[in-house]
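In listed order, ligands and their atoms are each counted from 1. Along the sequence shown, residues are numbered consecutively beginning with 1.
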Amino acid sequence: MATRTDLDGRPIKPITICMIGAGGFIGSHLCEKLMSETPHKVLALDVYNDKIKHLLEPDSLPWAGRIQFHRLNIKHDSRLEGLIKMADLTINLAAICTPADYNTRPLDTIYSNFIDALPVVKYCSENNKRLIHFSTCEVYGKTIGSFLPKDSPLRQDPAYYVLKEDTSPCIFGSIEKQRWSYACAKQLIERLIYAEGAENGLEFTIVRPFNWIGPRMDFIPGIDGPSEGVPRVLACFSNNLLRHEPLKLVDGGQSQRTFVYIKDAIEAVLLMIENPDRANGHIFNVGNPNNEVTVRQLAEMMTKVYAKVSGEPSLDSPTVDISSKEFYGEGYDDSDKRIPDMTIINKQLGWNPKTSLWDLLESTLTYQHRTYAEAIKKSIAKPTAS
Ligand SMILES: NC(=O)c1ccc[n+]([C@@H]2O[C@H](COP(=O)([O-])OP(=O)(O)OC[C@H]3O[C@@H](n4cnc5c(N)ncnc54)[C@H](O)[C@@H]3O)[C@@H](O)[C@H]2O)c1
Ligand SMILES: O=c1ccn([C@@H]2O[C@H](COP(=O)(O)OP(=O)(O)O[C@H]3OC[C@](O)(CO)[C@H]3O)[C@@H](O)[C@H]2O)c(=O)[nH]1
């Protein structure tokens, strides 16, 4: 492997990374990138490893010896501090991060996103280890513009909706809207990390992902996840398409999101890993402001793309409306619009996303079809036990 250089032309020394939550969607892509393109070592910590099995076995893989899986739950495992001490950098991805859980399992959500992250921050701070912590775009909550009258021309002014790391406020709903349990826990852990940096010199970077999507995201209910489980929108819509069911639009699908391809986003994380002088002390939005759609538009695009990649015609009525109360239960609320400001990540790391929404949906839905279509056919054909 040729010597890698950082953004300032200096050679990059191989490091050891303690990656917590390495077995999840983002972790699996980050491990893949680190193994195939860098000399770094990864201590991969998670309760599951299904999504990184292809990197762990067989022993003959070119990166064998550079990735080591440790099955552990950070809630209660005394090995955690030792593993953080063995590494130069800790990346914390572990979290409950599916909106269906925020209002139905608020305690688990708050514990997972705040309490369980505390020892990670403490061990990094006490042992002078660098930390990259995964937060979320949800810390912005709702836009300022969403509180303006519907016909106000100010709603078109970016000052009222573009989300900036250093100036936008965090606007959540009332306490009974338990949807915000996740955003609030993430906000508090961000504040704690920031304070550790200010008072105790912790070297940290905070990442705020804006709807990263791609292969291996979440699960398909009844195939590789619980039949009653509700994953994030990409997997919900993929599941509907694979089963030839209409896609469910929560409250009419009017909310807006920007989606970024996981492979683009991982490039940004690698720049953070390999350019500590430029990344330390910063909070970065990582998203694609050019890929904005309403959820209804996303459903329409996914329907078209799935018909193309599967060769199967779409339904005459491809979508159906459903209330958020019926879909998510009591206490759900939503972010209206999420456009990331890219100034800081551009200035510090020169990163820009590349992949259009059409292209990323095509590669992702090709993967979904190839991975799940047969299994779904079989599960539908199988008579259910009476
Ligand atoms: N995917 C996105 O677009 C997105 C957007 C905003 C924020 N994030 C944040 O990025 C991080 C990773 O997200 P993801 O999409 O990969 O989610 P994911 O659910 O696929 O991955 C999280 C991983 O953490 C593991 N984990 C959870 N609790 C654990 C514990 N106590 N001990 C050990 N492992 C544990 C899970 O098993 C899972 O493999 C999360 O912190 C999430 O809040 C992701
Ligand atoms: O079948 C469905 C599922 C969802 N929706 C609506 O789609 C919007 C997006 O939903 P989702 O991707 O599940 O999650 P959010 O974007 O709301 O939240 C995530 O953002 C980042 C992260 O922190 C981690 O990924 C997480 O909290 C939403 O409006 C749903 O109501 C639908 O219409 N139909």
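Distances shorter than 4.0 angstrom occur between a heavy atom of Tyr332 and an atom of ligand 2. Residue Arg338 places a heavy atom less than 4.0 Å from ligand 2. Residue-ligand proximity: Phe210 is placed with every non-hydrogen atom at 4.0 Å or more from ligand 2. Remark: distances from the non-hydrogen atoms of Gly253 to ligand 2 are all 4.0 Å or more.
Of the protein's heavy atoms, Pro99 CG, 3.3 Å lies nearest to atom 14 (O) of ligand 2. Nearest protein heavy-atom contact of atom 23 (O) of ligand 2 is Tyr182 OH, 2.6 Å. Ranking the protein heavy atoms by distance from atom 8 (C) of ligand 2 puts Val295 CG2, 3.6 Å first. For atom 4 (C) of ligand 2, the nearest protein heavy atom (residue, atom name, distance) is Tyr328 OH, 3.3 Å. What sits closest to atom 29 (O) of ligand 2 on the protein, heavy atoms only, is Asp334 OD2, 2.6 Å. When only non-hydrogen protein atoms are considered, atom 18 (O) of ligand 2 lies nearest to Glu138 OE2, 2.9 Å. For atom 25 (O) of ligand 2, the closest non-hydrogen atom on the protein side is Arg232 NH1, 2.7 Å.
In this structure a side-chain-to-backbone donor-acceptor pair under 3.5 Å is present from Asp88 to Thr16. With Trp351 contributing its side chain and Asp264 its backbone, the two residues share a donor-acceptor pair below 3.5 Å.
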Kindly print each ligand 1 N/O atom paired with any protein N/O atom under 3.5 angstrom away, one pair per line, or none if nothing qualifies.
unit_1: ligand 1; atom_1: 1 (N); unit_2: Arg232; atom_2: NH1; d: 3.2
unit_1: ligand 1; atom_1: 3 (O); unit_2: Trp212; atom_2: N; d: 2.8
unit_1: ligand 1; atom_1: 3 (O); unit_2: Trp212; atom_2: O; d: 3.4
unit_1: ligand 1; atom_1: 15 (O); unit_2: Arg232; atom_2: NH1; d: 3.1
unit_1: ligand 1; atom_1: 15 (O); unit_2: Arg232; atom_2: NH2; d: 2.9
unit_1: ligand 1; atom_1: 16 (O); unit_2: Phe25; atom_2: N; d: 3.4
unit_1: ligand 1; atom_1: 16 (O); unit_2: Ile26; atom_2: N; d: 2.8
unit_1: ligand 1; atom_1: 20 (O); unit_2: Phe25; atom_2: N; d: 2.8
unit_1: ligand 1; atom_1: 31 (N); unit_2: Asn73; atom_2: OD1; d: 2.8
unit_1: ligand 1; atom_1: 32 (N); unit_2: Ile74; atom_2: N; d: 3.0
unit_1: ligand 1; atom_1: 37 (O); unit_2: Asp46; atom_2: OD1; d: 2.7
unit_1: ligand 1; atom_1: 39 (O); unit_2: Gly24; atom_2: N; d: 3.1
unit_1: ligand 1; atom_1: 39 (O); unit_2: Asp46; atom_2: OD1; d: 3.4
unit_1: ligand 1; atom_1: 39 (O); unit_2: Asp46; atom_2: OD2; d: 2.7
unit_1: ligand 1; atom_1: 41 (O); unit_2: Leu93; atom_2: O; d: 3.1
unit_1: ligand 1; atom_1: 41 (O); unit_2: Lys186; atom_2: NZ; d: 2.9
unit_1: ligand 1; atom_1: 43 (O); unit_2: Tyr182; atom_2: OH; d: 2.8
unit_1: ligand 1; atom_1: 43 (O); unit_2: Lys186; atom_2: NZ; d: 3.0

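Side chain to side chain, Tyr332 and Arg179 meet the donor-acceptor criterion of an N or O pair below 3.5 Å. Side-chain N/O atoms of His40 and Glu274 include a donor and acceptor closer than 3.5 Å. Counting only N and O atoms by type, the side chains of Glu312 and His244 include a donor and acceptor under 3.5 Å apart. Side-chain N/O atoms of Tyr140 and Arg208 include a donor and acceptor closer than 3.5 Å.
A salt bridge does not link Glu138 to Lys186: none of the charged side-chain nitrogens sits closer than 4.0 Å to a carboxylate oxygen. Between Asp334 and Arg257, at least one side-chain nitrogen of the basic residue sits less than 4.0 Å from a carboxylate oxygen of the acidic one, meeting the salt-bridge criterion. Comment: Asp116 engages Lys75 in a salt bridge, judged by a side-chain N to carboxylate O separation of less than 4.0 angstrom.
Those atoms of ligand 2 that come under 4.0 Å of a heavy atom in Arg179, given as number and element, are 17 (O), 18 (O). Of all the atoms in ligand 2, the ones that sit under 4.0 Å from a non-hydrogen atom of Thr136 are 21 (C), 22 (C), 23 (O). Close contacts between ligand 2 and Ser255 involve ligand atoms 29 (O) [criterion: under 4.0 Å to a heavy atom]. With ligand atoms numbered from 1 in the order given, ligand 2 contributes 12 (O), 16 (O), 20 (O) to contacts under 4.0 Å with heavy atoms of Asn211.
Within the structure, no pair that satisfies the salt bridge (charged side-chain N to carboxylate O under 4.0 Å, His left out) test touches residues 192-206, not counting sequence neighbours.
Between Val250 and ligand 2, an N or O atom pair is found at a separation short of 3.5 Å. Polar contact with ligand 2: present for Val233 (N/O pair, distance under 3.5 Å).
Pro119 has its side chain out of reach of Ile74: every pair of non-hydrogen atoms, C-beta onward, lies at least 4.5 Å apart. Side-chain atoms of Glu32 and Leu55, non-hydrogen and from C-beta on, do get closer than 4.5 Å to each other.
Below 30°, between 30° and 60°, or above 60°: for Phe25 and His29 the angle between ring planes is above 60°, a perpendicular geometry.
When the heavy atoms of Arg208, Lys248, Arg257, Gln256 are ranked by distance to atom 15 (P) of ligand 2, first place goes to Arg257.
Closest of all the heavy-atom pairs between Ala64 and Asp59 is CB-O, 2.9 Å.
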